[in-house]
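Next up is a structure, given as structure tokens.
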Amino acid sequence: MRVDYEAFRREVMSVIAAIPRGKVVSYGQIAFLIGRPRNSRLVGRVLRTASDGPHMPCHRVVNSAGRLAPHWPGQRQLLEAEGVLFKPNGHVDMKQCGWRFMEIDSDDFFSHA
DNA sequence: ACATTGACCGGTT
DNA sequence: AAACCGGCCAATG
């Protein structure tokens, strides 16, 4: 099944735009969300070619293991600046900061802060 | 048309 | 945790 690259790119961007501050998502999750679960690599390609506008929080995209994008020093600082937690090995703590898009959004809906 | 290359993924050592 | 492996798929040469 062919892919309309432009449409694909727009969908990827719309998902990225919806990532809440302090949360991250993987390429695979994005691919899944836009209905193309086999195209995680293509998601990466879209971002690599992100000559796209500023204001796009593409730093909130990591891989499934929580590893950051190669050749992008500074991504870590951007994430830390918004409160994303890192494990001693330098990976994002997905358990706490992975965006669980299947659940109710407003953070800590079930907590009693 | 064929081979290589990834901002990938999940499972298995 | 990290290294390895097989699968994946569009782009690129």
Side-chain angles (χ1 to χ4, degrees):
Chain A
M1 181 178 177
R2 277 181 53 203
V3 300
D4 178 344
Y5 189 78
E6 268 309 302
F8 185 89
R9 190 184 58 75
R10 277 195 300 273
E11 302 235 31
V12 168
M13 289 317 189
S14 74
V15 170
I16 292 176
I19 309 173
R21 271 179 63 89
K23 296 292 177 189
V24 300
V25 287
S26 78
Y27 303 91
Q29 288 177 343
I30 294 176
F32 171 82
L33 282 174
I34 65 177
R36 305 205 69 97
R38 321 285 177 68
N39 290 77
S40 54
R41 301 195 88 133
L42 193 51
V43 173
R45 181 171 290 274
V46 166
L47 294 191
R48 190 187 54 175
T49 315
S51 49
D52 276 51
H55 321 324
M56 188 56 76
C58 45
H59 60 278
R60 303 202 184 116
V61 183
V62 302
N63 76 3
S64 64
R67 189 173 66 256
L68 306 190
H71 307 131
W72 189 8
Q75 179 178 18
R76 166 144 187 183
Q77 188 182 346
L78 287 172
L79 292 172
E80 282 178 331
E82 52 185 67
V84 172
L85 301 170
F86 283 75
K87 301 194 294 180
N89 38 327
H91 289 182
V92 170
D93 189 334
M94 296 303 272
K95 195 172 168 112
Q96 297 198 47
C97 302
W99 181 28
R100 301 211 247 294
F101 49 80
M102 289 306 243
E103 298 173 12
I104 309 264
D105 210 339
S106 85
D107 27 306
D108 309 343
F109 182 81
F110 296 101
S111 84
H112 323 285

Q) What's the CD1-P distance between A:I16 and B:dA7, to the nearest Å? A)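 A:I16 atom CD1 is separated from B:dA7 atom P by 15 Å.
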(Q) Please report the distance, rounded to the nearest Å, between CZ in A:F8 and C1' in C:dA11. (A)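 Going from CZ in A:F8 over to C1' in C:dA11 covers 13 Å.
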Q.
Give the residues of residues 27-35 of chain A touching DNA chain B, defined as any heavy atom closer than 4.0 Å, sorted by residue number.
A.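 The stretch gives A:Y27, A:G28 as the residues lying under 4.0 Å from the strand, ordered by number.
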Q. Between B:dA7, C:dA11, C:dA2, which one does the side chain of A:N89 approach most closely?
A.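 Ranking B:dA7, C:dA11, C:dA2 by closest atom to the A:N89 side chain puts C:dA2 first.
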Q) Starting at CE of A:M94 and ending at C1' of B:dG10, how long is that distance when rounded to a whole Å? A)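 That distance rounds to 14 Å.
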Q) The side chain of A:R67 lies closest to which of these nucleotides: B:dC8, B:dT5, B:dA7? A)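 For the A:R67 side chain, the nearest candidate turns out to be B:dC8.
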(Q) So which atom in A:L68 and which in A:F86 form the shortest heavy-atom distance, rounded to 0.1 Å? (A)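 Residues A:L68 and A:F86, closest heavy atoms: CD1-CE2, 4.0 Å.
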(Q) Under 4.0 Å, heavy atoms only, any strand: does A:R41 hit a base, just the sugar-phosphate, or nothing? (A)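 If one applies the 4.0 Å heavy-atom cut-off, A:R41 turns out to touch a base.
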Q. What integer distance in Å separates A:R36:CZ from B:dC9:P?
A.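 Taking atom P of B:dC9 as the reference, CZ of A:R36 is at 16 Å.
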Q) Hey, mind stepping through A:I16 and A:R60 against side chain to side chain contact (heavy atoms under 4.5 Å, CB included) and telling me if it holds? A) CA-CA 8 Å; A:I16 292 176; A:R60 303 202 184 116; over 6 Å; no
Q.
Nearest 0.5 Å, please: how far is CG in A:N63 from OG in A:S40?
A.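 If I round to the nearest 0.5 Å, the distance is 10.0 Å.
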Q: Round to a whole Å and report the spacing from CG of A:L42 to P of C:dA11.
A: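 Computing the A:L42:CG to C:dA11:P distance gives 6 Å.
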Q | Phosphate-side-chain proximity, A:N63 and B:dA7, N/O vs OP1/OP2 below 4.0 Å | A |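 Looking at the OP1 and OP2 atoms of B:dA7, neither is under 4.0 Å from any side-chain N or O of A:N63.
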**Q.** Atom pair CD1 (A:I30) and CD1 (A:I19), whose distance is rounded to the nearest 0.5 Å
**A.**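 These two atoms lie 5.5 Å from each other.
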Q) Roughly how far apart are A:C58 SG and A:M13 CE, rounded to 0.5 Å? A)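 It comes to 7.0 Å.
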Q: Please state how far atom CZ in A:R2 lies from atom C1' in C:dA11, giving the value in whole angstrom units.
A: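 Distance check: A:R2 CZ to C:dA11 C1' gives 14 Å.
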Q: Rounded off to whole Å, could you give me the CG-to-P distance for the A:N39 and B:dG6 pair?
A: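 That distance rounds to 18 Å.
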Q. B:dG6, C:dA10, B:dC9: which one has an atom nearest the side-chain heavy atoms of A:R48?
A.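 Closest nucleotide to the A:R48 side chain: B:dG6.
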Q: For A:Q96 and A:L85, indicate whether the former's side chain and the latter's backbone hold a donor-acceptor pair under 3.5 Å.
A: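 Absent.
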Q. When you check the phosphate oxygens OP1 and OP2 of B:dC8, does a side-chain N or O of A:S40 lie under 4.0 Å from one of them?
A.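 No, A:S40 has no side-chain N/O under 4.0 Å of OP1/OP2 on B:dC8.
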Q.
Quick check on contacts: within residues 72-87 of chain A, what sits under 4.0 Å from DNA chain B by heavy-atom distance?
A.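 DNA chain B contact set from residues 72-87 of chain A: A:W72.
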**Q.** Nucleotide nearest A:R45 when distance is taken to its side chain, options B:dT5, B:dA7, C:dC9
**A.**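 Of all the options, the side chain of A:R45 is nearest to B:dT5.
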Q) For the atom pair NE2 (A:H71) and CZ (A:R48), what is the distance rounded to the nearest 0.5 Å? A)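 A:H71 NE2 to A:R48 CZ: 11.5 Å, rounded to 0.5 Å.
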Q | Pairwise C1' distance, B:dA1 and C:dG13 [rounded to whole Å] | A |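 It works out to 13 Å between them.
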(Q) Quick one: does any side-chain atom of A:K23 pair with a main-chain N or O of A:V84 as donor and acceptor, under 3.5 Å? (A)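 Checking the backbone N and O of A:V84 against the side chain of A:K23, no donor-acceptor pair under 3.5 Å is found.
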Q) In whole Å, what separates the P atom of C:dG7 from that of B:dA7? A)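 Their P atoms lie roughly 22 Å apart.
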Q. Among A:F8, A:Y27, A:F32, whose side chain to side chain contact (heavy atoms under 4.5 Å, CB included) with A:N39 holds?
A.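 Passing option: A:F8.
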Q: Calculate the interatomic distance between A:H91 atom NE2 and B:dA7 atom P; express it in whole Å.
A: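 Value for this atom pair: 16 Å.
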Q.
Could you check whether any side-chain N or O of A:Q29 sits under 3.5 Å from a backbone N or O of A:R100, counting only pairs where one atom can act as donor and the other as acceptor?
A.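 Pair absent, no side-chain N/O of A:Q29 close to backbone of A:R100.
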